[in-house]
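To start, the structure under review is shown below, and the notes come after it.
Just so we're clear, the structure is a prediction, and the values are computed from it rather than from any experiment.
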Amino acid sequence: MAKEITSRSENYSDWYIDIVKRANLADNSAVRGCMVIKPYGFAIWENIRDQLDKMFKETGHVNAYFPLFIPKSFLSKEAQHVAGFAKECAVVTHHRLMNDPDGGGIIVDPDSKLEEELIVRPTSETIIWDTYRTWINSYRDLPLLINQWANVVRWEMRTRLFLRTTEFLWQEGHTAHATKEEAVEETLKILDIYATFAEEYMAMPVIRGIKTANERFAGAEETYCIEALMQDGKALQAGTSHFLGQNFAKAFDVKFLNENNQQEYVWATSWGVSTRLMGGLIMTHSDDDGLVVPPKLAPTQVVIVPIPKPSPVIDEVVHKIMAALKAKGIRVKYDMDMKNRPGFKFAEHEMHGIPVRLAIGERDLANGQVEVARRDTKEKTQQALEGIEQYIEDLLVEIQANLFNRAKAMRDQYITKVDNFKDFEEIINRDIPGFISAHWDGTTETEEKIKELTKATIRCIPLDAEAEDGSCVLTGKPSQRRVLFAKAY
RNA sequence: CGGGAUGUGGCGCAGCCCGGUAGCGCACACGCCUGGGGGGCGUGGGGCCGCAGGUUCAAAUCCUGUCAUCCCGACCA
């Protein structure tokens with residue numbers, strides 16, 4: 001049926017790439033590892049961005065913008081931070097080009113070498129904390145709750161559209177607080193926003209948890225995360241919120257005067273989600289017919305297809321329906337294209353994941369009906385034209401809920417409790433491995449050993465993990481709670 | 001950086017072994033017939049065969065070099 005799209009069972013990776021390209025989300029670019037986000041993909045990203053932005057602002061955050069370039073010396077001020085990012089930085093060394101005197105075209109002018117090289121930001125903690133030093137003097141300046149929407153560059157070895165690109169778009173929040181308690185509270189508040197957004201808007205169920213020391217952000221005291229499960233049984237880290245302690249305050253000498261006139265270092269957090277969410281969105285809901293977008297994030301929620309093509313009598317009814325839907329705040333589009341036939345249009349709209357499609361022909365009009373097709377179940381029904389806007393409003397709510405419930409049922413089905421290493425290996429090597437809930441002795445050595453043996457990593461220690469005495473699935477040493485393992489993107 | 005593969009109209013590919021007018025499908029443009037799940041017929045436009053050398057009367061094809069991309073590993077949001 002669907003042309004040029006690999007089925008999930010045939011090859012999940014190819015399926016993913018086919019969806020991204022055929023649904024016009026993104027393309028590879030002339031620059032290795034960098035993608036072009038196409039208008040339709042960007043429209044979805046804008047909806048993600050706008051909703052998150054609203055949630056940040058509702059919780060007291062404001063937006064600002066910091067430079068793309070970071071002086072090399074800044075990056076090295078926090079030891080762990082530089083260790084974590086040094087291997088994947090793009091560096092600006094010159095600022096001018098010239099004609100090659102030997103006729104070889106344009107070359108870098110060797111005389112334009114920079115005194116100090118500039119790093120293209122892989123993340124902005126350093127430049128931001130260097131700036132905060134001058135902004136923060138007193139406890140009255142705190143808390144400082146700033147977010148920025150930006151692009152960052154991480155020179156990864158292997159890239160995949162949306163999931164891992166050399167340049168990606170994200171938001172990064174950087175907050176400063178007077179006390180540790182307040183900073184930890186902020187970290188958790190953001191984690192809650194991320195989880196709420198993922199579940200209520202993306203319809204993507206997530207597990208809230210804490211990263212192990214091994215997986216922690218470079219320079220953080222504690223990293224909290226939301227982890228989602230994709231349809232192929234691999235985990236996707238969908239967002240992280242870091243409690244940075246006083247590490248960056250100390251590295252950049254950011255102190256404030258407390259109420260008792262004493263100097264103290266500031267407490268910090270940072271947190272981010274990226275265009276990777278687009279990958280999560282695709283791999284949570286889409287099927288072999290194309291993309292599936294939850295109604296709340298769909299650029300177009302309802303598309304109307306005239307059968308077989310626009311005509312004055314059909315147009316008139318369509319415009320009435322559109323007005324009624326728009327009055328309810330529903331994003332609706334009339335497909336007036338004259339070139340393609342209905343069957344082609346149906347397939348195209350399904351490929352783009354539009355939640356609801358209406359088909360209207362003169363036959364329907366004679367019956368006072370319209371055909372309603374929902375993208376999530378592919379169900380088609382005839383509905384009365386009268387009051388159709390209410391039916392559709394309710395249907396969009398139902399689709400949103402159905403997508404979440406379906407994804408959650410799948411996710412829950414693929415969380416397996418495991419108590420010995422033989423079972424662990426068997427589960428992790430299934431076609432759809434999913435999460436493994438198992439005991440772990442708490443050491444990095446064991447974590448690394450398990451990764452080496454199975455390619456599974458500890459995705460997180462769930463925040464809601466109950467205390468339970470057990471023994472480590474690999475070493476048999478005592479453990480107080482289960483952690484979640486999975487193969488990850 | 002190790003292993004494998006590929007570069008030919010916008011996209012997907014054949015042609016290469018065995019040198020001799022650059023082809024097919026899709027897409028695109030126009031016309032007619034169609035029209036409730038990716039229509040049919042016809043006509044037409046579009047190419048330094050990745051790049052640079054070499055062999056040859058003659059190179060997409062053979063030789064040398066080079067660049068790029070993709071896949072599999074190690075690194076990661």
Side-chain angles (χ1 to χ4, degrees), chain A residues 1-6 11 13-14 17-18 21-22 27-34 83-89 104-105 121-123 150-172 194 211 214-218 220 223 225-228 235-242 270-280 289-290 305-311 314 337-352 357-367 369-373 378 380 382 451-452 455 457 459 488-489:
Chain A
M1 190 199 306
K3 281 185 186 167
E4 300 166 40
I5 175 166
T6 311
N11 185 327
S13 295
D14 286 354
I17 292 167
D18 285 348
K21 298 202 165 167
R22 292 278 291 119
D27 260 334
N28 288 317
S29 72
V31 184
R32 185 181 64 89
C34 293
F85 286 104
K87 289 164 290 179
E88 52 190 48
C89 286
R121 61 182 167 213
T123 179
N151 57 337
V152 288
V153 166
R154 297 184 187 175
W155 213 268
E156 303 286 357
M157 291 290 162
R158 263 186 80 194
T159 58
R160 294 188 69 189
L161 293 168
F162 287 115
L163 295 171
R164 180 168 298 105
T165 45
T166 301
E167 178 192 20
F168 57 94
L169 305 184
W170 75 345
Q171 58 71 215
E172 46 179 329
Y194 286 164
K211 287 291 185 188
N214 205 31
E215 300 274 331
R216 196 178 284 154
F217 176 74
T223 289
C225 62
I226 53 171
E227 294 282 329
L236 182 76
Q237 177 175 307
T240 47
S241 181
H242 315 291
S270 72
W271 27 275
V273 296
S274 72
T275 34
R276 167 179 267 199
L277 287 179
M278 294 285 293
D289 294 318
V305 178
I307 306 295
K309 61 184 178 186
S311 76
I314 292 174
D337 174 69
M338 297 291 279
K339 190 172 78 69
N340 294 116
R341 296 145 54 101
F344 184 89
K345 292 179 177 180
F346 293 168
E348 245 352 78
H349 298 316
E350 276 159 14
M351 184 63 73
H352 287 89
R357 179 186 75 232
L358 304 184
I360 304 181
E362 301 206 7
R363 198 166 78 199
D364 305 291
L365 293 183
N367 300 327
Q369 290 189 323
V370 54
E371 183 190 87
V372 180
K378 308 284 302 283
K380 287 194 284 194
Q382 291 291 127
K451 182 180 179 182
E452 190 189 317
K455 301 215 170 132
T457 51
R459 299 323 302 154
Y489 275 100

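When the nearest nucleotides of RNA chain B are assigned to A/Ala488 and A/Leu365 by heavy-atom distance, the more 5′-ward of the two goes with A/Leu365.
No donor-acceptor pair under 3.5 Å is formed between the side chain of A/Lys380 and the backbone N or O of A/Val372. Between the A/Lys378 side chain and the A/Asp289 main chain, no donor and acceptor come within less than 3.5 Å of each other.
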> RNA chain B in dot-bracket, Watson-Crick or G-U pairs under 3.5 Å, [ ] crossing, | other strand?
Replying inline: ((((((((.[[[[.)....(..]]]].((((((.....)))))).....[[[[[..)....]]]]])))))))....

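For A/Arg341, the salt bridge (charged side-chain N to carboxylate O under 4.0 Å, His left out) test picks out no residue, with sequence neighbours left out. For A/Lys309, there are no salt bridge (charged side-chain N to carboxylate O under 4.0 Å, His left out) partners two or more places apart in sequence or in a different chain. With sequence neighbours left out, the salt bridge (charged side-chain N to carboxylate O under 4.0 Å, His left out) criterion links A/Asp27 to A/Lys38. Evaluation of the side-chain hydrogen bond (donor to acceptor under 3.5 Å, both in side chains) rule for A/Ser241 yields no partner, not counting sequence neighbours. Under the side chain to side chain contact (heavy atoms under 4.5 Å, CB included) criterion, A/Thr165 pairs with A/Met35, A/Phe168, sequence neighbours left out. With sequence neighbours excluded, no residue satisfies salt bridge (charged side-chain N to carboxylate O under 4.0 Å, His left out) with A/Arg154. Looking at residues two or more places apart in sequence or on another chain, you find a side chain to side chain contact (heavy atoms under 4.5 Å, CB included) between A/Gln171 and A/Phe56, A/Asn147, A/Trp149, A/Tyr194, A/Trp271, A/Val273. Considering only residues two or more places apart in sequence or on other chains, A/Tyr489 meets the ring pair (Phe, Tyr, Trp, His ring centres under 6.0 Å) condition with none of them. Residues satisfying the ring pair (Phe, Tyr, Trp, His ring centres under 6.0 Å) criterion with A/His349, sequence neighbours excluded, are absent altogether.
A donor N or O paired with an acceptor N or O is found under 3.5 Å between the base of B/rG37 and the side-chain atoms of A/Glu350. Judged by distance alone, with hydrogens and angles left aside, A/Lys345 brings no side-chain donor or acceptor close enough to the base of B/rG36 to form a pair under 3.5 Å.
Using a 4.0 Å heavy-atom distance criterion, A/Arg357 is classed as a base contact. Using a 4.0 Å heavy-atom cutoff across all strands shown, A/Lys309 reaches at least one base atom of the nucleic acid. Residue A/Glu156 is classed as a base contact, given a heavy-atom separation below 4.0 Å to a base. Within 4.0 Å of A/Asn340, counting heavy atoms only, lies no atom of the nucleic acid at all. A/Leu163 comes within 4.0 angstrom of a base, heavy atoms only. Here A/Ser274 lies in heavy-atom contact (under 4.0 Å) with a base. Nucleic acid contact for A/Thr165: base, since at least one base atom lies under 4.0 Å from a heavy atom of the residue. Residue contacts for A/Phe168: at a heavy-atom cut-off of 4.0 Å it reaches a base atom on one of the strands shown.
For A/Arg363 and B/rG36, the shortest distance from a side-chain N or O to OP1 or OP2 is not below 4.0 Å.
For the C1' atoms, the distance linking B/rU34 with B/rG39 amounts to 7 Å, nearest Å. Annotation: B/rA22 and B/rG15 have their C1' atoms spaced 8 Å apart (nearest Å). B/rU55 sits 35 Å from B/rC11 when the C1' atoms are compared, rounded to a whole Å. Comparing B/rA68 with B/rC30, their C1' atoms sit 38 Å apart, to the nearest whole Å. Between B/rG47 and B/rC28, the two C1' atoms lie 16 Å apart (nearest whole Å).
Note: CG (A/Asp337) to P (B/rG38) measures 16 Å, nearest angstrom. One can place NZ of A/Lys21 at 10 Å from C1' of B/rC11, the figure rounded to the nearest angstrom. A/Tyr194 has its OH atom 14 Å from the P atom of B/rA77, to the nearest Å. Distance A/Glu88 CD to B/rA74 C1': 14 Å, rounded to the nearest Å. The interatomic distance linking A/Phe217 (CZ) with B/rA77 (C1') rounds to 10 Å, in whole Å. Between the CD1 atom of A/Ile314 and the C1' atom of B/rG35 there is a distance of 11 Å, rounded to whole Å.
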Could you list the protein-to-nucleotides 28-33 of chain B atom pairs, N/O on both sides, closer than 3.5 Å?
{"residue": "B/rC28", "atom": "OP1", "partner": "A/Lys339", "partner atom": "NZ", "Å": "2.9"}

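With 3.5 Å as the limit, one finds no donor-acceptor pair spanning the side chains of A/Arg121 and A/Thr123.
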> With the sugar-phosphate defined as primed atoms, P, OP1 and OP2, and the base as all remaining atoms, what B/S/- string results for nucleotides 67-73 of chain B, 5' to 3', for protein heavy atoms under 4.0 Å?
Replying inline: --S--SS

